[in-house]
K.L.:
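Have a look at this one.
Every value quoted in this text rests on a predicted model; they were computed, and no experiment measured them. Here is the naming used below: chain letters follow the sequence lines, and residue numbers restart at 1 for every chain.
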There are 2 protein chains.
Amino acid sequence: MTKSKPTVEISATEHKATIAREARRVTSYDVALVAGVSQSAVSRCFKPGASVSKSTYARVMKAASLLDYIPNAAARSLITRRSNMVAVIITNQANLYYPELLAELSQQLTARGKRVLLFTLARETDVDRVLADVWQFQVDGVIAAARLTDLHIAEFERRHMPLVLFNRTLRERAVNTVTCDHLEAGRMLVSRLAAAGHRRFGIIAGTEDSTVANERRRGACERLAELGLPPPVVVPGQSDYRSGGAGLKAIIEQMGRVPDAIICGSDVMAIGCLDCARHELGIDVPGRLSVAGFDAVEPSNWLSYNLTTLRQPMPKMATAAADLLCAVIDRHESQAERRVFSAQFIEGATARLTPVPTPVVATSGGMRALVAIM
Amino acid sequence: MTKSKPTVEISATEHKATIAREARRVTSYDVALVAGVSQSAVSRCFKPGASVSKSTYARVMKAASLLDYIPNAAARSLITRRSNMVAVIITNQANLYYPELLAELSQQLTARGKRVLLFTLARETDVDRVLADVWQFQVDGVIAAARLTDLHIAEFERRHMPLVLFNRTLRERAVNTVTCDHLEAGRMLVSRLAAAGHRRFGIIAGTEDSTVANERRRGACERLAELGLPPPVVVPGQSDYRSGGAGLKAIIEQMGRVPDAIICGSDVMAIGCLDCARHELGIDVPGRLSVAGFDAVEPSNWLSYNLTTLRQPMPKMATAAADLLCAVIDRHESQAERRVFSAQFIEGATARLTPVPTPVVATSGGMRALVAIM
DNA sequence: TTGTATGCGTTATCAC
DNA sequence: GTGATAACGCATACAA
């Protein structure tokens with residue numbers, strides 16, 4: 001009986017002690033030793049769909065669990081050239097205003113076997129600094145909700161790094177993007193407001209470098225021009241609450257009167273504008289002034305606001321971004337694709353959306369606008 | 001002239017083409033070849049504080065930049081046993097309500113040379129599933145803003161994985177924690193409200209498994225009992241906006257009248273409660289009813305609300321968590337430490353904080369409470 | 001199905 | 001200061 005099979009448990013405990021003494025990690029080789037098989041057999045047991053006999057599998061798994069063995073992803077990625085990590089580059093701003101974006105992305109990517117390595121930017125211009133890290137960490141791909149320049153994109157191509165831009169576009173290059181049609185959203189909003197007879201518009205824009213807010217503004221201005229309405233008074237904003245109130249005052253000052261409608265580059269500014277109008281200036285909204293925003297952030301549908309706004313279909317967009325990226329990573333689809341989603345109009349109650357039942361006099365301008373869009 | 005030194009540039013371009021043809025990554029060996037040095041020399045050039053001559057350094061860096069070489073973090077971590085990645089485990093809930101937490105953590109950890117690998121939980125109970133991944137990815141440490149059981153903690157210890165709990169505690173084990181003193185916050189709030197003469201309290205609790213909301217409730221109840229005030233009517237909530245309104249109605253129904261004050265487990269519920277009181281039930285706040293919350297989320301200080309609440313010092317707490325974790329990782333500090341921060345009282349305008357200038361009759365109960373806390 | 005041998009790209013150790 | 005060489009922990013081609 002010299003060849004009596006060593007009890008797995010005893011060997012495992014002993015071996016575990018040895019490993020602890022040597023202060024090293026548990027490796028597949030250790031498991032192999034305890035299970036009495038080769039290291040490659042262990043490796044195969046942890047690869048789904050590999051050919052292993054039932055008995056070997058059982059022995060290996062038992063040993064692995066006794067030793068608390070977990071495969072080392074770093075070593076694996078070294079040889080498979082897959083880290084199963086995806087970098088998400090997002091500005092603090094974006095994360096603050098759309099927390100659900102990160103949650104959805106994380107959820108969707110996890111469902112596809114990828115983990116999120118987070119890169120946050122204090123400013124949009126910090127991209128260069130984080131990109132260096134992105135290359136180091138050998139991520140399988142990148143989802144960027146930040147402004148990348150043509151040069152950045154070129155580097156992605158040079159390094160064959162799959163990339164999906166989220167709510168950013170770049171005309172110069174063919175690149176995968178997932179966006180909401182902010183231009184269309186801006187136009188849609190103006191159409192609805194104009195149809196209700198609004199003529200004098202004010203616009204509180206987002207920060208200079210916010211492409212999203214810029215597109216919205218551009219869409220609104222375009223549509224206003226098409227309808228033959230007077231050009232809006234546009235004032236700058238920082239996309240925050242304060243900018244809403246400040247913007248409202250600036251518009252009134254510049255216009256010399258309260259406008260018919262104010263379009264804000266984001267809901268938070270719209271809420272700031274609304275609060276300022278109602279609680280500071282005593283302006284009746286929507287009686288005397290209509291206020292509308294974009295995004296449909298959570299507070300926008302609270303009773304105190306019930307904001308007229310346009311919703312980006314974030315969950316769908318996040319899913320699309322994850323799909324697109326994984327298609328490139330897993331199936332090497334190199335054709336650039338753009339997935340564009342439409343914003344959904346939320347009526348709310350801060351904008352008058354039907355024409356005033358004109359008593360006697362209608363301004364000819366108002367009527368013209370009404371006709372123009374019909 | 002057979003030994004003429006090959007021009008670096010030409011060699012680099014050639015070599016780059018070779019690498020591209022072989023469809024492999026650029027390695028330190030490639031750089032060494034182009035720079036005309038050994039692979040170890042290249043490695044040293046990328047290790048801060050290593051001993052390399054100026055000229056070698058320059059040659060290597062030039063070659064590296066020509067080849068677009070970036071060290072492979074996976075290979076590095078394999079041998080250094082440092083991934084420079086930190087796992088952040090956070091519930092979707094928490095991320096939705098405190099987006100600044102993740103931003104701050106990311107910021108602070110980046111400043112310390114660590115990257116955030118994100119693990120989001122749909123439910124607090126999903127911890128088990130993500131922990132398996134955490135082990136795989138060889139992170140250097142974990143910051144967990146999720147409920148871990150005693151068993152989980154045991155596994156962290158077994159694997160020698162540095163851990164910092166964020167806003168969660170565990171009495172059974174000595175573990176690093178960063179928390180806000182929610183019990184104290186609950187007590188503080190009751191003290192202030194009681195001092196103003198409030199006697200009949202309602203409490204809208206958070207979800208069953210929210211330790212944070214539970215602590216707050218416990219603190220409030222404790223203090224009420226100490227002050228000899230009647231026990232509050234406690235109703236459950238989901239920490240969301242809807243729960244605020246629903247909770248208010250439930251309390252009124254259960255109490256048979258409008259309470260003097262309602263304490264909500266979170267600001268969002270407080271805002272829901274406030275909106276319901278004012279816009280649905282027409283209750284004057286703070287005239288007839290005081291409403292208070294916790295967290296000082298952004299909307300809480302908007303003009304429409306100006307909520308009475310208590311702020312958690314998130315930036316400080318995030319910094320503390322990063323500090324604590326890095327101390328364990330880098331300096332192997334094994335002594336468990338608890339860093340507890342106090343909440344800051346924000347007066348706001350939704351709770352009456354001074355006694356009613358009693359005309360003639362003061363309820364003896366109210367007076368007793370007043371005396372008790374002085 | 002299983003084991004042997006090799007390589008992934010780096011850092012660390014040691015001579016020189 | 002520099003270069004050879006051995007790890008690190010795993011996956012895979014290949015032979016058995």
Side-chain angles (χ1 to χ4, degrees), chain A residues 15 19 22-61 63-64 67-85 135-140 159, chain B residues 15 19 22-61 63-64 67-85 135-140 159:
Chain A
H15 200 72
I19 293 167
E22 294 172 0
R24 54 186 191 78
R25 306 206 254 223
V26 182
T27 72
S28 57
Y29 187 74
D30 295 313
V31 178
L33 230 55
V34 169
V37 298
S38 74
Q39 181 266 330
S40 46
V42 176
S43 174
R44 278 191 282 265
C45 287
F46 284 89
K47 178 180 175 162
S51 84
V52 204
S53 75
K54 278 243 172 204
S55 75
T56 325
Y57 184 83
R59 294 240 303 289
V60 166
M61 282 316 182
L67 293 177
D68 285 327
Y69 169 75
I70 298 270
N72 183 323
R76 168 180 293 167
S77 79
L78 202 54
I79 187 144
T80 59
R81 294 166 168 209
R82 273 286 155 78
S83 64
N84 292 324
M85 296 192 301
W135 310 137
Q136 284 221 7
F137 279 99
Q138 309 293 126
V139 295
D140 294 339
R159 297 185 183 280
Chain B
H15 200 73
I19 294 167
E22 294 171 0
R24 54 186 192 77
R25 305 207 257 223
V26 181
T27 73
S28 57
Y29 187 73
D30 295 313
V31 178
L33 230 53
V34 169
V37 298
S38 75
Q39 183 269 333
S40 357
V42 177
S43 175
R44 275 192 285 266
C45 286
F46 284 90
K47 178 182 175 164
S51 86
V52 204
S53 77
K54 278 246 170 202
S55 75
T56 323
Y57 183 82
R59 295 240 300 288
V60 167
M61 282 317 181
L67 294 177
D68 286 325
Y69 169 74
I70 299 270
N72 182 323
R76 169 182 293 163
S77 80
L78 201 54
I79 186 135
T80 60
R81 292 160 172 220
R82 273 288 152 77
S83 63
N84 292 323
M85 296 192 300
W135 311 136
Q136 284 221 6
F137 280 99
Q138 308 293 127
V139 296
D140 295 338
R159 297 184 184 278

K.L.:
Among residues at least two apart in sequence or on other chains, which ones pass salt bridge (charged side-chain N to carboxylate O under 4.0 Å, His left out) with B:Arg81?
P.N.:
none
K.L.:
Using the test ring pair (Phe, Tyr, Trp, His ring centres under 6.0 Å), find all partners of B:Phe46 that sit at least two apart in sequence or belong to another chain.
P.N.:
B:Tyr69
K.L.:
Among residues two or more places apart or on two chains, list those pairs meeting salt bridge (charged side-chain N to carboxylate O under 4.0 Å, His left out) that have a residue in residues 41-55 of chain A.
P.N.:
none
K.L.:
Taking five pairs at each end, how big is the angle between the two axes of the helix from C:dT1-D:dA16 to C:dC16-D:dG1, to 10°?
P.N.:
30°
K.L.:
Considering heavy-atom distances to DNA chain D, does A:Ser28 or B:Ser55 have its closest nucleotide positioned more toward the 5' end?
P.N.:
B:Ser55
K.L.:
Go through residues 70-82 of chain B and report each residue with a non-hydrogen atom lying under 4.0 Å from DNA chain D, sorted by number.
P.N.:
B:Leu78, B:Ile79, B:Arg81
K.L.:
Is A:Tyr57 touching bases, backbone alone, or none of the nucleic acid, heavy atoms closer than 4.0 Å?
P.N.:
nothing
K.L.:
For A:Asp140, check side chain to side chain donor-acceptor pair (under 3.5 Å) against everything at least two apart and list the hits.
P.N.:
A:Ser83
K.L.:
When you list every nucleotide of DNA chain D with an atom under 4.0 Å from a heavy atom of chain B, which one comes first 5' to 3', and which comes last?
P.N.:
D:dG1 to D:dG9
K.L.:
Mind checking what makes salt bridge (charged side-chain N to carboxylate O under 4.0 Å, His left out) contact with A:Arg24, not counting sequence neighbours?
P.N.:
A:Glu22, A:Asp30
K.L.:
Just jot down the side chain to side chain donor-acceptor pair (under 3.5 Å) partners of B:Gln39, sequence neighbours excluded, or say none.
P.N.:
B:Ser28
K.L.:
What is the first contacted nucleotide of DNA chain C and what is the last, in 5' to 3' order, if contact means an atom lying under 4.0 angstrom from a heavy atom of chain A?
P.N.:
C:dT1 to C:dG9
K.L.:
By side chain to side chain donor-acceptor pair (under 3.5 Å), which residues pair with B:Ser43, not counting sequence neighbours?
P.N.:
none
K.L.:
To the nearest 0.5 Å, how far apart are OG in B:Ser77 and CG in A:Leu78?
P.N.:
8.5 Å
K.L.:
Locate the shortest heavy-atom distance separating A:Val52 from A:Cys45; write the atom from each residue and the value.
P.N.:
CG1-SG, 3.7 Å
K.L.:
Let me know, please, whether A:Lys47 or A:Arg24 comes out on the 5' side of the other along DNA chain D by nearest nucleotide.
P.N.:
A:Arg24
K.L.:
How far apart are the closest heavy atoms of A:Val31 and A:Ala64, and which atoms are they?
P.N.:
CG1-N, 3.8 Å
K.L.:
Nearest 0.5 Å please: distance from the CZ atom of B:Arg25 over to the CG atom of B:Asn72.
P.N.:
5.0 Å
K.L.:
By the 4.0 Å heavy-atom rule, please label A:Val42 as base, sugar-phosphate, or nothing.
P.N.:
nothing
K.L.:
Under 4.0 Å between any heavy atoms, over every strand shown, what does A:Thr27 touch: base, sugar-phosphate, or nothing? Just pick one.
P.N.:
sugar-phosphate
K.L.:
Which is true for B:Ser53 with a 4.0 Å heavy-atom rule: it touches a base, it touches only sugar-phosphate, or it touches nothing?
P.N.:
sugar-phosphate
K.L.:
Hey, what do you get for OH (A:Tyr29) to OG (A:Ser40), rounding to the nearest 0.5 Å?
P.N.:
11.5 Å
K.L.:
With distance as the sole test, does B:Arg76 use its side chain to make a donor-acceptor pair with the main-chain N or O of B:Arg82 at under 3.5 Å?
P.N.:
no
